[in-house]
2 protein chains.
Amino acid sequence: MARAALSPDAVVDHALRIVDEEGPEALTLSAVAGRAGVATPSLYKHVRNLAELRVLVSGRVMGELVEVASEAVLGRSGDEALRALMDGWRSYAARHPHRYSALIQAPRPETAETGDRLVGIMLAALRAYGLEGSAAIHAVRCLRAAMHGFAVLEAAGAFQLAEDLDESHALLTHMVMAGLRTARES
Amino acid sequence: MARAALSPDAVVDHALRIVDEEGPEALTLSAVAGRAGVATPSLYKHVRNLAELRVLVSGRVMGELVEVASEAVLGRSGDEALRALMDGWRSYAARHPHRYSALIQAPRPETAETGDRLVGIMLAALRAYGLEGSAAIHAVRCLRAAMHGFAVLEAAGAFQLAEDLDESHALLTHMVMAGLRTARES
DNA sequence: CGACAGTGGCTAACGTCATTAGCCTCTCGG
DNA sequence: CCGAGAGGCTAATGACGTTAGCCACTGTCG
């Protein structure tokens, strides 16, 4: 159990710092090794390979989103909860755009639990809308699509015009709420 | 002007086939060279480097989206136009998930014109809603976020539950329409 | 008709990465 | 005090991207 300078968690910490500062494409094992002051192959004692490191990073980001989301929903309900959730989500992505871009969407067994937790929080945020069964699932999917789409585009700098992004996001929030309130078929 | 077996466009064709079949991560210059029956360095006679090839691929995908979107909006207006646009967008992404994932969101000068065209089509699709100036811009942003978010998540296989995706997408469409119809502040 | 230029392909060579194999050395539990 | 294993290291390999420099073919212009 030699000097535990490094550990899987510590490796992920360094990886996150690299992602934040230089973007997800800059996440390489040699870069992490450099930060950790260690030779590249040493990392394999803590992480299976680069692909797994990416999954771990993604899992960490999802964990942070769980925190942001649950804190937003805590003690609120209905429109208020939904707005807080969407605002918190967007604010996280805007604060850590590279980190957000490092999220892996494709379902991975390693992050399934955290993902389910996120879905659970979204379901909770929608509880007051009285959606049952499948209707709630559809609603969560739309909420996810709206939040994720906006976050991705904002993180990528895809919204170039001068218009205030806060206002755009307020409209998005309004869309989701209005759509849920009037959720018949179309 | 030796045997013009290859050209920038032909290189992009091969690249697209690779993306479709093996995903965007599999897009490497050697893979393209293999398909083209040519040594890797020969590609540099047609394309500046891998980064540029990716941009060209992305531009081609955006061009296809322009076609899909404009055909959807042609001769329709209001809810009908919006629904056709959203359905067409989703259907393209579902038909070519890897290709859709190869889209680069970060604004690039090379694809700026095509991107503007897309925004123009979305604006046209929203024309009947009578939005003016900034309001139209905010609406386009939300529409983009909704369509892109749903497309990305569906392409990544992020919607895992058994619920019918068509229904989820119908709800998304409903949200956008309901939100636009009632677009005051919130 | 024949030289010429440039287009497009090729080989050789490098540098960067990921990844594997195999070694060495602390450190800690007995 | 010893033995094991955790954790670090060097060496080696193989994919790629990229650059440099060479060569053949082709179409054009004297």
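Just so it is clear: chains get the letters A, B, ... in the order the sequence lines come, proteins before strands, and each one is counted from 1.
- Judged as a ring-ring contact (aromatic ring centres under 6.0 Å, His included), and not counting sequence neighbours, B:His138 has no contacts.
- For the pair A:Leu50 CG and C:dT20 P, the interatomic distance rounds to 12 Å; values are reported in whole Å.
- Residue pairs meeting the salt bridge (Lys or Arg N to Asp or Glu O under 4.0 Å) criterion with at least one member in residues 14-32 of chain A, sequence neighbours excluded: A:Asp20-A:Arg99, A:Glu21-A:Arg35, A:Glu22-A:Arg35.
- In this structure, A:Leu6 atom CG and C:dC26 atom P are separated by 19 Å, rounded to whole Å.
- Relative orientation of the A:Trp89 and A:Tyr100 rings is perpendicular, given thresholds of 30° and 60° on the angle between their planes.
- Atoms CZ (B:Arg54) and P (D:dC16) sit 13 Å apart, rounded to a whole Å.
- The shortest distance between the side-chain N/O atoms of A:His46 and the OP1/OP2 oxygens of D:dG8 is below 4.0 Å.
- Each side-chain hydrogen bond (donor to acceptor under 3.5 Å, both in side chains) pair with one or both residues in residues 114-133 of chain B, not counting sequence neighbours, appears once here: B:Asp79-B:Tyr129.
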Using a cutoff of under 3.5 Å, can you pull out all pairs of nitrogen or oxygen atoms linking the protein to nucleotides 9-11 of chain D, with atom names and distances?
unit_1, atom_1, unit_2, atom_2, d
D:dC9, OP2, A:Ala39, N, 2.8
D:dC9, OP2, A:Ser42, OG, 2.4

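- Taking atom CG on B:Leu43 and atom C1' on D:dC16, their separation rounds to 12 Å, with Å as the unit.
- Placement of B:Leu50 and B:Val61 within a single hydrophobic cluster is found when ILVMFWY residues are connected by side-chain heavy-atom separations under 4.5 Å, directly or transitively.
- Side-chain contact of B:Ser91 with B:Arg95: a donor-acceptor pair under 3.5 Å is present, judged by distance alone.
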Could you list the donor-acceptor pairs under 3.5 angstrom formed between side-chain atoms of residues 36-44 of chain A and any protein atom two or more places apart in sequence or on another chain?
unit_1, atom_1, unit_2, atom_2, d
A:Ser42, OG, A:Ala39, O, 3.3

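- The nearest whole Å value for the distance from the OH atom in B:Tyr44 to the P atom in C:dG9 is 15 Å.
- Connection of A:Leu180 to A:Ile137 is not established within any shared hydrophobic cluster, with ILVMFWY side chains joined at heavy-atom distances below 4.5 Å, either directly or through further cluster members.
- Near DNA chain C, meaning a heavy atom under 4.0 Å from it, residues 17-34 of chain A has A:Thr28, A:Leu29, A:Ser30 in order of number.
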